[in-house]
Amino acid sequence: MSSRRWIFLVLTLLWMLVIFLMSSQPADDSTETSLYVGETIGKVFVPGYTGWSPEEQIEFAEHIDHPVRKAAHATEYTVLGILLFMTCRSSFGMNLKGSFRTAFLTGTIYAATDEFHQLFVPGRAGMISDVLIDSMGVLFGCLVIYALYKVFRKN
């Protein structure tokens with residue numbers, strides 16, 4: 001395998017490691033991270049947010065915490081779907097349909113094992129709903145790359 005073909009495989013494995021490390025955070029650390037994202041969203045997108053009291057800012061971040069977490073799940077697994085598809089296609093030479101199927105199946109299995117792993121992390125829980133969200137993220141990532149191949153490569 002040429003060095004160029006290793007790129008997507010290495011990127012995919014690194015991204016899987018990032019997901020694993022994020023899932024390894026105890027609940028308190030994970031909450032702190034998502035609340036920070038909520039506060040950043042407030043600062044960037046909500047007019048007058050910086051003029052709110054600290055209590056109002058925290059209340060806002062807590063209010064959007066659930067959607068922030070679910071969007072993070074979908075986004076990280078969309079990236080994984082893209083990387084898995086590209087790994088199947090470029091590193092292993094699979095055709096488009098084979099790449100799609102293998103990437104989707106691999107991403108879904110990884111999502112399930114990731115949720116299982118969270119059962120052993122303090123304060124975390126493995127949730128079927130998160131596996132579904134993650135799988136939809138993988139599916140979306142695969143669909144994007146599949147469509148781009150169809151449009152630009154016509155094969």
Side-chain angles (χ1 to χ4, degrees), residues 1-45 61-155:
M1 196 182 310
S2 71
S3 60
R4 192 175 100 164
R5 292 183 174 197
W6 281 97
I7 291 172
F8 283 112
L9 180 60
V10 169
L11 288 174
T12 299
L13 293 173
L14 286 173
W15 191 249
M16 291 171 105
L17 178 62
V18 167
I19 292 171
F20 179 83
L21 293 173
M22 296 288 285
S23 294
S24 297
Q25 289 183 326
D28 291 343
D29 294 344
S30 178
T31 298
E32 187 177 314
T33 300
S34 63
L35 289 177
Y36 174 77
V37 171
E39 291 171 358
T40 302
I41 289 169
K43 289 176 186 173
V44 173
F45 295 106
E62 289 172 344
H63 180 71
I64 66 168
D65 183 61
H66 185 73
V68 164
R69 287 176 180 270
K70 299 313 165 190
H73 270 271
T75 302
E76 69 187 3
Y77 277 88
T78 296
V79 171
L80 182 61
I82 290 167
L83 291 171
L84 285 168
F85 191 106
M86 294 305 297
T87 297
C88 291
R89 186 81 174 133
S90 64
S91 299
F92 299 112
M94 294 181 183
N95 64 27
L96 287 179
K97 289 182 182 177
S99 295
F100 189 99
R101 283 192 298 266
T102 303
F104 178 70
L105 182 61
T106 303
T108 298
I109 291 169
Y110 190 75
T113 61
D114 183 53
E115 289 302 313
F116 179 73
H117 157 247
Q118 287 184 47
L119 293 173
F120 304 99
V121 177
R124 302 290 292 266
M127 299 174 61
I128 298 291
S129 60
D130 284 348
V131 175
L132 294 173
I133 291 168
D134 298 343
S135 297
M136 291 303 102
V138 172
L139 179 63
F140 182 70
C142 290
L143 286 170
V144 167
I145 298 302
Y146 185 87
L148 288 172
Y149 264 103
K150 285 300 210 179
V151 168
F152 292 109
R153 300 246 176 145
K154 305 272 190 229
N155 61 4

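Only heavy atoms go into these numbers, but all of them, side chains included; no hydrogens, no water, no symmetry mates.
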### Task
Can you measure from CG (Leu84) to SG (Cys142) and round to the nearest 0.5 angstrom?
7.0 Å

### pair Leu21-Leu17: side-chain heavy atoms closer than 4.5 Å
yes

### Query
Would you say the side-chain atoms of Thr12 pair up with the backbone N or O of Leu83, donor to acceptor, closer than 3.5 Å?
yes

### Query
Is a side-chain N or O of Thr106 found less than 3.5 angstrom from the main chain of Ala103, in a donor-acceptor match?
no

### Task
With Leu35 as reference, evaluate Thr40, Asp65, Ile64 under the side-chain contact (heavy atoms from CB on, under 4.5 Å) test and give the passing residue.
Asp65

### Query
For atom CE of Met136, is the number of surrounding heavy atoms from other residues, nucleotides or ligands below 6.0 Å larger than 12?
yes

#### Entry: Intermediate values then yes/no, side-chain contact (heavy atoms from CB on, under 4.5 Å), Gln25 and Val121
CA-CA 7 Å; Gln25 289 183 326; Val121 177; 6.0 Å; no

### Plane angle bin for Phe100 and Tyr146 - parallel if under 30°, tilted between 30 and 60°, otherwise perpendicular
perpendicular

### Message
To the nearest 0.5 Å, what is the distance between SG on Cys88 and CZ on Phe8?
### Response
12.0 Å

## Note on the structure
Distance col, row Arg69:CZ vs Ser30:OG, nearest 0.5 angstrom, shows 4.0 Å

### Message
Run the side-chain contact (heavy atoms from CB on, under 4.5 Å) test on Met127 and Leu132 for me, step by step, so that the C-alpha distance in whole Å, both residues' side-chain angles and the decisive distance to 0.1 Å come before the verdict.
### Response
CA-CA 9 Å; Met127 299 174 61; Leu132 294 173; over 6 Å; no

### Message
Measuring only between side-chain heavy atoms, which start at C-beta, is Thr78 closer than 4.5 Å to Val138?
### Response
no

### Task
Any chance you could measure Ser24, atom OG, to Ile19, atom CD1, to the nearest 0.5 Å?
11.5 Å

### Message
So for atom CD1, which belongs to Ile128, do other residues, nucleotides or ligands contribute more than 12 heavy atoms lying within a distance under 6.0 Å?
### Response
no

### Query
Within the side chain of Ser91, is there an N or O that forms a donor-acceptor pair under 3.5 Å with the backbone of Trp6?
no

### Query
With His63, which residues qualify under ring-ring contact (aromatic ring centres under 6.0 Å, His included), at least two apart?
none

### Task
Find the distance between CG (Asp134) and CG (Leu139) and round it off to the nearest 0.5 Å.
12.5 Å

### Task
Could you go through the side-chain contact (heavy atoms from CB on, under 4.5 Å) check for Ile145 and Leu148 one step at a time?
CA-CA 5 Å; Ile145 298 302; Leu148 288 172; 4.3 Å; yes

### Message
Parallel, tilted or perpendicular, judged at 30° and 60°: which one describes the rings of Tyr77 and His73?
### Response
parallel

#### Entry: Carboxylate-amine/guanidinium proximity below 4.0 Å for Asp130 and Lys70
yes

#### Entry: Backbone N/O of Arg124 and side chain of Gln118: donor-acceptor pair under 3.5 Å
no

### Query
Is Thr113 reaching over with its side chain to a backbone N or O of Tyr110, donor-acceptor style, under 3.5 angstrom?
yes

### Task
Measure the spacing between OH of Tyr149 and CZ of Phe85 and express it to the nearest 0.5 Å.
6.5 Å

